[in-house]
Amino acid sequence: MDFNLTAEQRKLVASFRAFGTDTFTPEATSRWCKDQGLPDAVVKRFVDLYFGSHRVSQGSAVAHSLFEQVLIVEELSRCAGATLPFQNDLFNLHIIDGLATDGSTDAVLSDYRETGRLMFALAISEPDGGSDVMSMKTSTQTVDGKIILNGRKSYVNNGEYAPSILVAAIDRDAQTSDKYPALALWLVPRHAKGIAAVPVNKIGQSMLPFASLSFQDVELLPEWRVSGEEGDFRRLFQLLEYGRVLLCASSLGMAQAAMEDAVAHARSRKAFGVQVSRFQQIETMLTDMEVRLQNMRAMLYRAACAVDDNADDKRLSVSLMKRYVPQAAVEVATDAMQILGGLGYTESSRVSRIWRDCRGNQIAEGTDQIMVYISAPLIMEKYREF
């Protein structure tokens with residue numbers, strides 16, 4: 001598959017490289033990780049640049065193709081050497097663009113373009129479910145003429161601070177004709193009575209403040225419903241692929257940053273009077289790191305194109321990518337830490353932050369093990385005729 005970028009795509013990457021290099025200095029990135037978020041001016045500059053670029057999908061909330069979003073997230077993650085909130089914003093736009101009924105998200109998109117911040121936090125994952133979305137228990141049901149929401153959600157990015165929560169819930173009042181239960185999305189004001197949030201303290205991905213949310217007898221207004229057609233559960237499964245691709249773009253960008261830091265150190269550091277990069281063990285590590293990076297990029301770009309083209313093998317491409325890329329990124333970051341020696345194990349080195357953030361990506365958006373569960377049956381089907 002040919003991944004040569006078009007002139008427009010090269011221009012897109014160059015514009016975000018300039019933005020990332022200017023914005024995500026080591027000092028600024030470290031400070032924003034401690035602050036658990038980006039300043040208003042930074043997110044607004046991103047949104048202005050994103051929507052000001054060439055649009056592929058006119059009228060769509062996501063504006064660019066998934067492949068171009070991958071290029072953007074990869075480049076900014078490389079510049080920052082950290083997990084950034086932009087990939088989550090783009091994934092959330094895919095969710096609401098793919099599931100919301102016509103016109104129901106106009107205000108969301110308008111507010112995002114004006115402020116640079118999404119007005120909602122996406123709540124899908126649950127404490128007892130994790131990667132198993134089918135085990136969702138959060139639900140709505142009409143009681144005495146009122147629509148009542150009950151349940152719990154975990155790892156909700158920005159769940160404490162967003163003005164609204166986009167909650168995925170089983171609709172107990174509806175029936176479906178297939179094996180999947182009826183699903184609806186509700187845009188619920190964060191301070192509605194019955195909602196409680198507890199922060200989740202993580203070891204990485206510091207710019208993404210996570211929270212656990214509980215919904216106890218929350219009364220919903222009908223106009224808060226933004227989806228609820230038959231087949232939405234199946235569409236949600238398909239949309240999760242966007243999140244996995246964007247997460248892997250972040251992993252690749254951070255792994256590339258780790259590689260660049262390792263090469264710079266190996267080139268400048270001397271041990272026993274010899275430049276470290278000339279040690280055979282270091283040469284082997286750098287070679288293996290580059291092999292992983294090239295494999296990661298090929299799998300990521302292929303998966304993104306498969307989703308864009310709605311290819312028959314897109315689900316297998318995405319699951320194989322998610323199985324390989326985060327793990328390979330951790331291996332690249334691990335080797336980079338080893339090359340940097342004691343310096344790589346300190347808070348002052350961004351390689352240690354990259355390692356923590358990449359390690360979290362092996363869990364987020366479906367664990368490594370879940371990807372095997374998804375991939376194996378698809379592989380068996382692929383080779384049925386052989």
Side-chain angles (χ1 to χ4, degrees), residues 8 11-12 15-20 22-24 28-29 31-32 35-66 68-73 75-77 79-80 83-124 156-167 185-192 195 197 207-211 221 223-227 239 242-243 246 249-250:
E8 286 285 351
K11 181 179 178 181
L12 182 73
S15 64
F16 279 94
R17 177 178 296 132
F19 165 67
D22 175 63
T23 303
F24 296 104
T29 302
R31 181 170 68 254
W32 295 332
D35 293 343
Q36 295 193 334
L38 296 174
D40 292 341
V42 172
V43 295
K44 186 61 168 66
R45 283 182 62 195
F46 168 80
V47 169
D48 289 345
L49 183 58
Y50 179 81
F51 286 103
S53 307
H54 172 65
R55 293 193 192 181
V56 174
S57 306
Q58 293 289 343
S60 169
V62 295
H64 289 276
S65 69
L66 180 60
E68 291 186 338
Q69 292 175 1
V70 161
L71 297 176
I72 293 169
V73 171
E75 189 59 39
L76 292 182
S77 299
C79 291
T83 301
L84 300 171
F86 305 132
Q87 69 195 55
N88 286 52
D89 289 351
L90 297 178
F91 173 47
N92 290 355
L93 288 177
H94 278 290
I95 290 289
I96 202 164
D97 191 60
L99 290 178
T101 55
D102 292 341
S104 62
T105 62
D106 291 348
V108 171
L109 181 58
S110 176
D111 186 75
Y112 182 55
R113 295 190 64 169
E114 181 179 344
T115 67
R117 297 192 186 277
L118 276 178
M119 63 190 299
F120 68 86
L122 180 63
I124 295 179
V156 180
N157 178 40
N158 215 33
E160 284 186 279
Y161 310 110
S164 301
I165 309 296
L166 187 64
V167 185
L185 293 181
W186 297 83
L187 193 60
V188 185
R190 165 65 185 83
H191 295 295
I195 301 179
M207 284 194 208
L208 307 182
F210 285 7
L221 298 181
E223 56 264 33
W224 294 349
R225 185 172 183 145
V226 297
S227 81
L239 290 167
Y242 290 94
L246 292 168
S250 175

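Hydrogens, waters and symmetry mates play no part in the numbers below; they use all other heavy atoms, side chains included.
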Inset, instruction - Would you confirm whether Arg190, through its side chain, and Gly159, through its main-chain N or O, come within 3.5 Å as a donor-acceptor pair? - result: yes
Legend entry - Rounded distance [0.5 Å steps], CE in Met119 versus CG in Leu187: 6.0 Å
Inset, instruction - Would you please classify the geometry between the Phe86 ring and the Phe19 ring as parallel, tilted or perpendicular, with 30° and 60° separating the classes? - result: tilted
Legend entry - Verdict with reasoning, Asn158 to Asn88, per side-chain contact (heavy atoms from CB on, under 4.5 Å): CA-CA 10 Å; Asn158 215 33; Asn88 286 52; over 6 Å; no
Inset, instruction - Might you point out which heavy atoms bring Leu118 and Tyr112 nearest each other, and give the distance in Å? - result: N-CD1, 3.5 Å
Inset, instruction - Drop me the distance from Leu84's CG to Ile72's CD1, to the nearest 0.5 angstrom. - result: 12.5 Å
Inset, instruction - Could you tell me the separation between the CG atom of Leu76 and the SG atom of Cys79, rounded to the nearest 0.5 Å? - result: 6.0 Å
Inset, instruction - May I ask you to decide if Gly243's main-chain N or O and His94's side chain share a donor-acceptor pair within less than 3.5 Å? - result: no
Legend entry - Within 6.0 Å of CD in Glu114, more than 12 heavy atoms from elsewhere: no
Inset, instruction - Of all the heavy-atom pairs spanning Val70 and Ala249, show the shortest one and how long it is. - result: O-CB, 3.8 Å
Inset, instruction - Hey, could you give me the CG/CG distance between Asp89 and Leu246, rounded to the nearest 0.5 Å? - result: 10.5 Å
Inset, instruction - Test side-chain contact (heavy atoms from CB on, under 4.5 Å) on Val226 and Leu166 and set out the steps. - result: CA-CA 9 Å; Val226 297; Leu166 187 64; 3.7 Å; yes
Legend entry - Under 3.5 Å donor-acceptor, Gln69 side chain and Val62 backbone: yes
Legend entry - CE on Met207 to CG on Asp35, rounded to 0.5 Å: 9.0 Å
Legend entry - Residues Phe51, Leu109; criterion side-chain contact (heavy atoms from CB on, under 4.5 Å); working and verdict: CA-CA 11 Å; Phe51 286 103; Leu109 181 58; 3.9 Å; yes
Inset, instruction - Kindly indicate whether the side chain of Pro209, heavy atoms from C-beta on, has any atom under 4.5 Å from the side chain of Asn157. - result: yes
Inset, instruction - Report the C-alpha distance between Glu75 and Leu71 in whole Å, list the side-chain angles of each, state the deciding distance to 0.1 Å, and finish with yes or no for side-chain contact (heavy atoms from CB on, under 4.5 Å). - result: CA-CA 6 Å; Glu75 189 59 39; Leu71 297 176; over 6 Å; no
Inset, instruction - Measure across Asp111 and Arg117 and return the closest heavy-atom pair with its distance rounded to 0.1 Å. - result: OD2-O, 3.7 Å
Inset, instruction - Determine the minimum heavy-atom distance between Ala211 and Glu160, stating which atoms define it. - result: CB-CG, 3.8 Å
Legend entry - Thr23 vs Trp32 side-chain heavy atoms within contact, under 4.5 Å: yes
Inset, instruction - Kindly give the heavy-atom pair with the smallest separation between Leu38 and Val42, and that separation in Å. - result: CD1-CG1, 4.1 Å
Inset, instruction - Measure across Pro189 and Ile195 and return the closest heavy-atom pair with its distance rounded to 0.1 Å. - result: O-CD1, 3.5 Å
Legend entry - Side chain proximity check, Thr83 to Ser77, heavy atoms < 4.5 angstrom: no
Inset, instruction - Examine distances only and state if a side-chain atom of Ser227 and a backbone atom of Leu185 form a donor-acceptor pair shorter than 3.5 Å. - result: yes
Legend entry - Spacing of OH belonging to Tyr242 relative to CG belonging to Leu66, to within rounding of 0.5 Å: 6.5 Å
